[in-house]
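Worksheet: the structure to be examined is printed underneath.
The chain is numbered in sequence order, starting from 1.
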Amino acid sequence: MDFYDRDSETQDRASLKRLQDHRLCDLLRELRANQFYREKFARAGIEMGDVRSGEDLKRLAFTTKAELVGEQQAYPPYGRLLTYPISRYRYFHQTSGTTGVPFKCLDTRDDWDAWMRAWGYVYRAAGVRESDLVFCAFSFGPYLSHWAAIDGARHIGALAISGGGLSSEQRLRTILDNRCTVLVCTPTYALHLAEVAQRFSLDLASSAIRITIHAGEPGASVDSVKRSIEQAWGATCFDHAGATEVGAWAFECQAQTGAIHLNELEFIFEVIDPHSGELPTDGRRGELVVTTLSRPGMPVLRYRTGDLVELLEDPCLCGRTSVRIKGGVLGRADDMLIVRGVNLYPSAIDNVIRGQKSIVEYEVEIRRIDGMDDLLIKTEIGNTKIFSDVKEALVSQFRSQLNIRVSVDFAEAGSLPRYEFKARRYKRIAE
Ligand SMILES: [Zn+2]
């Protein structure tokens, strides 16, 4: 088993909690200079200096994406979110704005070091070493994760190669020519590259890629997707999770347990019921809330990620003591469906659809009819002659596995959007 920091990662839970509380106090001392959080604490009637633990912090209201974006609109360009004078900041990024207005994110040199550590855990846990050649198949726009992934690879001593500004074919040829050993991209894009490779008769399974690392959407922890990626690339596939406002907050270890580790050395985590904001009834399944312990330049405290997760507290075979999340990110709270009063996670739907190997791409339309969510699945398939078989199989599997009725439509080859980053396959249609 490979570790980024074995001693810290395997320490007992009590000392881990002490470390988190200690680091939280350090962070709050810095935040006295942060106007946004000073006011947030004042509104909650709490003195920053009185907060001694993650438990104490629960008196503070959640921070939301809408709140952060609104702050930047009210006080352009960065809101009152910066703890330090602008001269301390070195890194500018912004979110893709897939859910609205882009959010601008600045990092100091120290904040960026925290990003590098977070990526260090991701890479080391997957077994990436100094001798590896890491190919990052991203567009390298203003998006933070692209730059953090490539800098993170350098941070652990690997050779990092940017796939920015290249077509899929050029990316494939670069991977093969340079004998790259690690591929970092979204799960969807790893499968798309495999599709392109087939078109150009390039044999990926015989490439030097031994590890693939994915995030940006649920997928790499979805069994059927993971298997497809591993088969196509002849590699071991690893999931991880992160967000621009937060950091790379979870990673998968080599024990490959179907659950990924929360990085509790750099973040404090909570889980809430996305509707009520309270602790979920089972205490385990709900929306993930994160506090960044080591990004004082522009931190988030009790930030609602919108990601749905299920906590798993059993010890992991790898020896790490951090809590894991079962099946990775299960979907977005916004995409969570309610079918006959039961919460249904997008990853469960993905798993059924991806079970049909001939489906190349798909999109799910959700309509609310008589208070119930109704699903229309548009599918693009390689061989159009078998559409009626695929349709029949999907309808029957949704009925038997998830107990729901779905409609299935045919989409022309190449008509559905392809996603290099953050797939948005779920579309809610207004009533
Ligand atoms: Zn583990």
Side-chain angles (χ1 to χ4, degrees), residues 1-9 90-91 93 107 109-141 143-166 168 170-187 189-190 193 204-216 220 226 229-230 232-242 247-256 260-261 263 265-266 294 318 320 420-421:
M1 293 285 169
D2 291 18
F3 289 85
Y4 178 68
D5 179 353
R6 183 187 295 265
D7 291 347
S8 302
E9 292 179 76
R90 302 261 184 103
Y91 300 84
H93 297 98
D107 283 286
R109 178 67 183 265
D110 287 347
D111 293 356
W112 196 249
D113 286 347
W115 267 102
M116 294 304 95
R117 285 198 300 279
W119 268 93
Y121 291 103
V122 173
Y123 280 125
R124 286 289 188 223
V128 180
R129 301 197 166 158
E130 286 82 351
S131 51
D132 277 305
L133 275 74
V134 179
F135 186 84
C136 297
F138 295 123
S139 63
F140 291 89
Y143 313 126
L144 196 152
S145 64
H146 301 185
W147 300 96
I150 201 152
D151 252 10
R154 293 171 183 137
H155 169 70
I156 61 149
L159 183 66
I161 302 178
S162 157
L166 301 178
S168 294
Q170 288 169 324
R171 282 171 175 163
L172 284 166
R173 297 201 184 278
T174 308
I175 289 168
L176 295 170
D177 285 354
N178 293 285
R179 303 199 56 72
C180 292
T181 53
V182 179
L183 171 67
V184 187
C185 61
T186 64
Y189 194 69
L193 279 179
L204 290 191
S206 69
S207 78
I209 296 287
R210 62 186 192 92
I211 291 169
T212 68
I213 299 178
H214 310 284
K226 194 180 184 86
I229 294 173
E230 292 190 334
W233 287 90
T236 312
C237 164
F238 291 84
D239 192 14
H240 85 99
W249 51 262
F251 57 84
E252 184 167 4
C253 71
Q254 290 161 306
Q256 296 257 305
I260 65 175
H261 287 271
N263 187 339
L265 293 164
E266 303 284 339
S294 46
C318 70
R320 287 178 182 82
E420 194 176 313
F421 188 56

Item checked: His261 and Cys318: CA distance, side-chain angles, deciding distance, side chain to side chain contact (heavy atoms under 4.5 Å, CB included) verdict -> CA-CA 10 Å; His261 287 271; Cys318 70; 3.4 Å; yes
Item checked: Qualifying residues under side-chain hydrogen bond (donor to acceptor under 3.5 Å, both in side chains), relative to Glu9, sequence neighbours excluded -> Arg320
Checklist line | Flag side-chain contact, heavy atom, 4.5 Å: Ile213 against Val128 | finding: yes
Check: Say you draw a straight line from CD1 of Ile229 to CG of Leu193; how long is it, rounded to the nearest 0.5 Å?
Finding: 10.5 Å
Checklist line | Residues in ring pair (Phe, Tyr, Trp, His ring centres under 6.0 Å) contact with His214, at least two apart in sequence or another chain | finding: none
Notebook entry, point to check: Considering all heavy atoms of both residues, which atom of Ala215 and which atom of Pro187 are nearest to each other, and what is their separation?
Noted result: O-CD, 3.5 Å
Check: What distance separates Trp233 CH2 from Ile209 CD1, expressed to the nearest 0.5 Å?
Finding: 5.5 Å
Check: Which value, rounded to the nearest 0.5 Å, describes the distance between Leu159 atom CG and Asn178 atom CG?
Finding: 8.5 Å
Checklist line | Which atom of Gly247 lies closest to which atom of Trp115, heavy atoms considered | finding: CA-CH2, 3.2 Å
Note to self: Run the side-chain hydrogen bond (donor to acceptor under 3.5 Å, both in side chains) test against Asn263 and tell me which residues pass, sequence neighbours left out.
What the structure shows: none
Item checked: Partner set under side-chain hydrogen bond (donor to acceptor under 3.5 Å, both in side chains) for Trp147, not counting sequence neighbours -> none
Notebook entry, point to check: Step by step, would you call Met1 with Cys253 a side chain to side chain contact (heavy atoms under 4.5 Å, CB included)?
Noted result: CA-CA 8 Å; Met1 293 285 169; Cys253 71; 5.6 Å; no
Check: Taking the six-membered ring for Trp, are Tyr143 and His146 parallel (under 30°), tilted (30 to 60°) or perpendicular (over 60°)?
Finding: perpendicular
Notebook entry, point to check: Just how far is it from atom CZ of Phe3 to atom CD of Gln254, taken to the nearest 0.5 Å?
Noted result: 8.5 Å
Next item on the list: Begin with the C-alpha distance, continue with both residues' side-chain angles, and end with the deciding distance and a verdict on side chain to side chain contact (heavy atoms under 4.5 Å, CB included) for Phe140 and Cys136.
Entry: CA-CA 9 Å; Phe140 291 89; Cys136 297; 3.9 Å; yes
Item checked: Atom pair OG1 (Thr174) and CD (Gln170), whose distance is rounded to the nearest 0.5 Å -> 7.0 Å
Notebook entry, point to check: Using 30° and 60° as the class limits, which term best fits the ring planes of Phe251 and Tyr121: parallel, tilted or perpendicular?
Noted result: parallel
Next item on the list: Identify, with sequence neighbours excluded, every residue that meets side-chain hydrogen bond (donor to acceptor under 3.5 Å, both in side chains) alongside Ser168.
Entry: Tyr189
Next item on the list: For Thr181, enumerate each residue passing the side-chain contact (heavy atoms from CB on, under 4.5 Å) test, keeping only those at least two apart in sequence or located in another chain.
Entry: Asp132, Leu133, Ala208, Arg210
Notebook entry, point to check: How long is the span from the CD1 atom in Ile161 to the CG atom in Leu166, to the nearest 0.5 Å?
Noted result: 10.5 Å
Next item on the list: Only counting residues at least two apart or in another chain, list the ones meeting salt bridge (Lys or Arg N to Asp or Glu O under 4.0 Å) with Asp2.
Entry: Arg129
Note to self: Applying side-chain contact (heavy atoms from CB on, under 4.5 Å), can you list everything that pairs with Ser294, at least two apart in sequence or on another chain?
What the structure shows: Arg23, Ala114, Arg117, Glu266
Next item on the list: Answer yes or no: is there a side-chain heavy-atom contact under 4.5 Å between Tyr123 and Ile211?
Entry: no
Which side-chain N or O atoms in residues 151-158 pair as donor and acceptor under 3.5 Å with protein atoms at least two apart or in another chain?
from, atom 1, to, atom 2, distance (Å)
Asp151, OD1, Arg154, NH1, 3.2
Asp151, OD2, Trp112, NE1, 2.9
His155, NE2, Tyr4, OH, 2.7

Margin query: My understanding is that only residues two or more places apart in sequence, or in another chain, count here; which of them pass salt bridge (Lys or Arg N to Asp or Glu O under 4.0 Å) with Arg109?
Written below: none
Item checked: Under the side-chain contact (heavy atoms from CB on, under 4.5 Å) test, residues paired with Gln256 that sit two or more places apart -> Lys226, Glu230, Thr236, Phe238, Glu252
Next item on the list: Identify the heavy atoms of Thr212 and Cys237 that sit nearest to each other, and give their distance.
Entry: OG1-CA, 3.3 Å
